[in-house]
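Structure, as structure tokens:
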Amino acid sequence: MQRVLIAGAGPAGLITSYFLTNYGYKVTLLERANKVGGLLKTTTIDNIKIEQVYHHIMLNDKDLLNLIKKLGLSKYLVFNNSSVALFKEG
């Protein structure tokens with residue numbers, strides 16, 4: 001059995017660990033913080049939860065949404081309307 005060491009339990013480390021484990025690798029995941037998630041952090045200001053770093057999931061990212069569902073995490077997703085826009089070609 002192949003052994004793999006992954007440094008960092010942020011989104012990339014967690015997803016990589018998940019897939020490698022499913023492919024039969026023995027994975028050791030190291031994280032220096034006291035919890036997993038990397039930059040995925042929520043804080044509360046005036047009783048409103050906000051993300052400390054801007055993260056997003058595109059509604060058409062079916063692979064990511066299916067993985068989130070498979071992991072039983074869908075109940076933690078909240079989709080809000082955005083006031084962010086991207087201007088292209090003027």
Pairwise side-chain contact, Leu29 with Leu5, heavy-atom cut-off 4.5 Å (strictly under): no
ILVMFWY network linking Leu71 to Phe79, side-chain heavy atoms under 4.5 angstrom: yes
Using atom types as modelled, flag every donor-acceptor pair under 3.5 Å from a side chain in residues 6-13 to any protein atom, sequence neighbours excluded.
none

Any donor-acceptor N/O pair, Asn66 side chain to Lys62 backbone, under 3.5 Å: yes
Hphob cluster co-occupancy, Leu64 + Leu77, side-chain heavy atoms under 4.5 angstrom: yes
Atom OH of Tyr76 with >12 non-hydrogen neighbours under 6.0 angstrom: no
Transitive ILVMFWY side-chain link Leu59 to Leu73, under 4.5 Å: yes
Donor-acceptor list for residues 20-28 side chains, cut-off 3.5 Å, not counting sequence neighbours:
residue: Thr21; atom: OG1; partner: Ser17; partner atom: O; Å: 2.7
residue: Asn22; atom: ND2; partner: Tyr18; partner atom: O; Å: 3.4

Closest approach of Leu67 to Phe19 (non-hydrogen atoms, all atoms of both residues): CD2-CE1, 4.1 Å
Going by atom type alone, with no hydrogens or angles, which donor-acceptor pairs under 3.5 Å involve a side-chain atom of residues 38-47 and a protein atom two or more places apart or on another chain?
residue: Thr42; atom: OG1; partner: Glu51; partner atom: OE1; Å: 3.4
residue: Thr42; atom: OG1; partner: Glu51; partner atom: OE2; Å: 2.8

Interatomic distance, Asp63 atom CG to Ile68 atom CD1 [nearest 0.5 angstrom]: 11.0 Å
Which residues share a side chain to side chain contact (heavy atoms under 4.5 Å, CB included) with Lys75, sequence neighbours left out: none
